[in-house]
2 protein chains.
Amino acid sequence: MDKPVPRRVTIVDVARHAQVSTTAVSKVLRNAYGASPAMRSKVQQAIAELGYRPSAAARGLRGQTYTIGVMLPELRNLFFADILDGITAQLGDSDYQVLLAPGCNGEKAEARVIDAMMDRSMDGLVLIAPVSAKSRLNEVARSVPTVVVGRHGASPAYDTVTDDDIAGAALVVEHLAGLGHRRIAHIEHHETDRVRLAEMPNAQRARGYRDAMILHGLEAEIDIASTSYTQTGGYLGAQQLLARPVRPTAIFAGADVVALGALEAIAEAGLSVPGDISVAGYDNSALAAFGPISLTSVDQDGRQMGIDAARLLVERITDRERRTAQVKLSPTLVVRRTTAAADAED
Amino acid sequence: MDKPVPRRVTIVDVARHAQVSTTAVSKVLRNAYGASPAMRSKVQQAIAELGYRPSAAARGLRGQTYTIGVMLPELRNLFFADILDGITAQLGDSDYQVLLAPGCNGEKAEARVIDAMMDRSMDGLVLIAPVSAKSRLNEVARSVPTVVVGRHGASPAYDTVTDDDIAGAALVVEHLAGLGHRRIAHIEHHETDRVRLAEMPNAQRARGYRDAMILHGLEAEIDIASTSYTQTGGYLGAQQLLARPVRPTAIFAGADVVALGALEAIAEAGLSVPGDISVAGYDNSALAAFGPISLTSVDQDGRQMGIDAARLLVERITDRERRTAQVKLSPTLVVRRTTAAADAED
DNA sequence: ATGAAAGCGCTAACAG
DNA sequence: CTGTTAGCGCTTTCAT
């Protein structure tokens, strides 16, 4: 009556039940070389009969843990959720289990999470938009197979998967310029760190914006509000821009959430979108697609990024000596109802 | 030049460096009884100097893994993110690391994830809105400390944290009836399973709706569209309701996403909110609070639910014999711009 | 192709 | 209070 904890079934039990050695069972578990079909089926039957499940802790002590860790800065960001979908889709039928840490913002939280994952002997890591120092990332990648998503800059130690943010920003400027806009402003995420200045998507988007403005002969119209990639950042940034002596006729927000904040500020100012001012975002998150918002946005195909990241990671786990790869995906522009032709008078 | 993998620092290295036994080190690591302050500091210094980090795999083989697993059906649901915030806030300074599985919908995916977490010897599990059979949940909880969030029904094996969904639904009906509405319809999540019919929040909300309608003498006006708790479900449900010979003047959607879908259908039908029809949701997610949407919604305080869940879980890890508890939190109604007084003529 | 045996890094009895 | 020692469940040489 009182044996509610009937001791875990171990590899020894399976071996005994199947009348083979534990080595044999281990081989079957790992699909390793050196087990005859006959033995294989005998063992598999025993496993099924006993309901055996290997202990990841014990496996991890010697071999793999069959666990992939994913770190991302923010769970609420729908774009990150898309990346995750891609990762899990790609890893769905493999033996790997994906586990993620709850949103961790900032270098300190990142360090904690990465340590935690390494402590748990994870077989591979996917780091989404990490802000840690590059030296730290390299160090991590040297000790565990790692793929970095959403941060530019090649590394000898880890693979990268990014969106071509410069091209994405150019798409927006091109679109708006094509609609007759000249005073196209940008809300960027303020960045101080040198390396991040070059590697983070936000910096690349701002650069793409500048380049494209120059390319369209709008160099004199370049106008950037420097806040942060948050809804509040968008709100404040738009307020700044709307207070200009001559108001911009279009705002390119560096992210969809930023655009949402901008939309709020614009509405509060009594202006209409796209009548008085056009707004475009970046990420094409579900929020952008949502009917009442219907935001023109750059689509990064986060799902594909996740698929590529998972693929690269498994490849690297298999062959740790392979040279690192940099996958850069081309974004597309999804035009919706927040952008329209500029008034002729403007 | 070529020793990029300098072998992990182990407890043995620390012991040697501090000139004590491994037991001593282990005790310090676990804050266990039986280590003098002098030894404690000696060991801590050695740990710092060597940059030692305990291997979770090795610990898990004997003792705890200091890992809490969280399972949730859907990452994109902002309410779940709130719960998670609460969990991490509560566990923030503890030694426990929270890891979660990417959204797993359906009984099969749930089983996989729960198994994966048990295989990894996690110290405790938080299951958010699980759909698995109750017998399965009990079985899981018997082998690992578990807290179930967002599913009613007490268990002898696990603690529960829920919202008082019946009261929440009543708040909405009361609010709408107070505004003069009589034809208040409801969009529910269709449920077939017997047990879930009683234990899932959606069923409780539908029941709360019925009860409250009767209480307000509106029994004859009860009108339920049975779809699902998704945006599409809301869209289709609203379409059904709008096609009635006599249209409802208010719709109580069982969740915010459902309300969003309903808003889309209403807009498509050329009706205005709240002019022609009032809409209320449930969850008070960030989406509901978002300006342009501004949805009247029931607030569950997901963060508090997470805090309670984490607290209960740690308590149960400490004392597995303690009797199970059921925490039920009272919801509040947040009135925004999607609900207004009914037309006098209606 | 198969199995015996030696650990992986840690914790938990138990002795001192 | 401190140290010795025996495993935890698995993988991995290395014989056979």
Side-chain angles (χ1 to χ4, degrees), chain A residues 5-44 46-47 50-67 95 118-123 143-144 317, chain B residues 5-44 46-47 50-67 95 118-123 143-144 317:
Chain A
V5 188
R7 200 179 59 76
R8 201 187 166 92
V9 178
T10 76
I11 203 174
V12 178
D13 302 317
V14 175
R16 195 173 331 165
H17 193 85
Q19 311 210 50
V20 297
S21 69
T22 58
T23 309
V25 178
S26 177
K27 281 182 173 167
V28 172
L29 286 177
R30 291 172 293 121
N31 290 310
Y33 172 81
S36 63
M39 162 167 287
R40 206 167 276 283
S41 65
K42 235 192 331 185
V43 170
Q44 265 152 356
I47 287 176
L50 298 178
Y52 165 75
R53 298 195 56 91
S55 149
R59 300 182 99 171
L61 217 46
R62 297 289 301 212
Q64 301 183 231
T65 53
Y66 299 92
T67 310
D95 289 332
M118 292 175 62
D119 293 346
R120 284 160 185 75
S121 321
M122 293 195 175
D123 295 338
S143 93
V144 47
I317 291 173
Chain B
V5 186
R7 201 178 60 75
R8 201 186 167 92
V9 178
T10 76
I11 203 174
V12 178
D13 302 317
V14 175
R16 195 173 329 162
H17 191 86
Q19 312 209 49
V20 297
S21 70
T22 58
T23 307
V25 179
S26 177
K27 280 183 173 169
V28 172
L29 287 177
R30 291 173 290 121
N31 290 311
Y33 172 82
S36 65
M39 161 167 288
R40 207 168 276 281
S41 65
K42 235 192 331 185
V43 170
Q44 267 153 355
I47 287 176
L50 299 178
Y52 165 77
R53 299 196 53 92
S55 149
R59 300 181 101 170
L61 219 44
R62 296 291 298 203
Q64 301 184 232
T65 54
Y66 300 92
T67 309
D95 289 332
M118 292 176 60
D119 292 346
R120 284 161 184 74
S121 322
M122 292 194 174
D123 295 338
S143 92
V144 48
I317 291 173

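Here is the naming used below: chain letters follow the sequence lines, and residue numbers restart at 1 for every chain. Everything numeric here is computed off the predicted structure, so don't read it as measured data.
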Check [X] against [Y] and note the closest heavy-atom contact, atom names and distance.
{"X": "A:G60", "Y": "B:A57", "answer": "C-CB, 4.1 Å"}
{"X": "B:Y66", "Y": "A:R120", "answer": "O-NH2, 2.9 Å"}
{"X": "A:R40", "Y": "A:A35", "answer": "NH2-CB, 3.5 Å"}
{"X": "B:L61", "Y": "A:S55", "answer": "CD1-OG, 4.4 Å"}
{"X": "B:M118", "Y": "B:S143", "answer": "CE-OG, 2.9 Å"}
{"X": "B:M122", "Y": "B:T65", "answer": "CA-OG1, 3.6 Å"}

Rounded to whole angstrom units, what separation is found between the [atom1] atom of [X] and the [atom2] atom of [N]?
{"X": "A:I11", "N": "D:dT12", "atom1": "CD1", "atom2": "P", "value": "11 Å"}
{"X": "A:L61", "N": "D:dT12", "atom1": "CG", "atom2": "P", "value": "12 Å"}
{"X": "A:R8", "N": "D:dG7", "atom1": "CZ", "atom2": "C1'", "value": "17 Å"}
{"X": "B:D119", "N": "D:dC10", "atom1": "CG", "atom2": "C1'", "value": "13 Å"}
{"X": "A:Y33", "N": "D:dT13", "atom1": "OH", "atom2": "P", "value": "16 Å"}
{"X": "A:D123", "N": "D:dT11", "atom1": "CG", "atom2": "P", "value": "12 Å"}

Side-chain N or O of [X] less than 4.0 angstrom from OP1 or OP2 on [N]?
{"X": "B:R62", "N": "D:dG9", "value": "no"}
{"X": "A:Y52", "N": "D:dC10", "value": "yes"}
{"X": "B:S36", "N": "D:dT2", "value": "yes"}

Are any side-chain N or O atoms of B:R53 and backbone N or O atoms of B:R8, one a donor and one an acceptor, separated by less than 3.5 Å?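 Not a single qualifying donor-acceptor pair exists.
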Any heavy-atom pair between the side chains of [Y] and [X] that's under 4.5 Å?
{"X": "B:V25", "Y": "B:R16", "value": "no"}
{"X": "A:R30", "Y": "A:K27", "value": "yes"}
{"X": "A:I11", "Y": "A:L29", "value": "yes"}
{"X": "B:Q44", "Y": "B:V28", "value": "yes"}

Got a sec? Which of residues 18-27 of chain A come in under 4.0 Å of DNA chain D, heavy atoms?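 Those residues are A:T23, A:S26.
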So what is the end-to-end bend of the helix from C:dA1-D:dT16 to C:dG16-D:dC1, with 5 pairs used at each end and the value given to 10 degrees?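 That helix gives 30° between its end axes.
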Just to be sure I understand the rule, does A:A57 reach a base, reach only the sugar-phosphate, or reach nothing, if contact means heavy atoms closer than 4.0 Å?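 No contact at all - A:A57 keeps every heavy atom at 4.0 Å or more from the nucleic acid.
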Side chain of B:M39: nearest nucleotide among D:dC10, D:dG7, D:dG3?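 Looking only at heavy atoms from C-beta outward on B:M39, the closest nucleotide is D:dG3.
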5' to 3' contact window, DNA chain C with chain B (heavy-atom distance under 4.0 Å):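 Result: C:dG9 to C:dA13.
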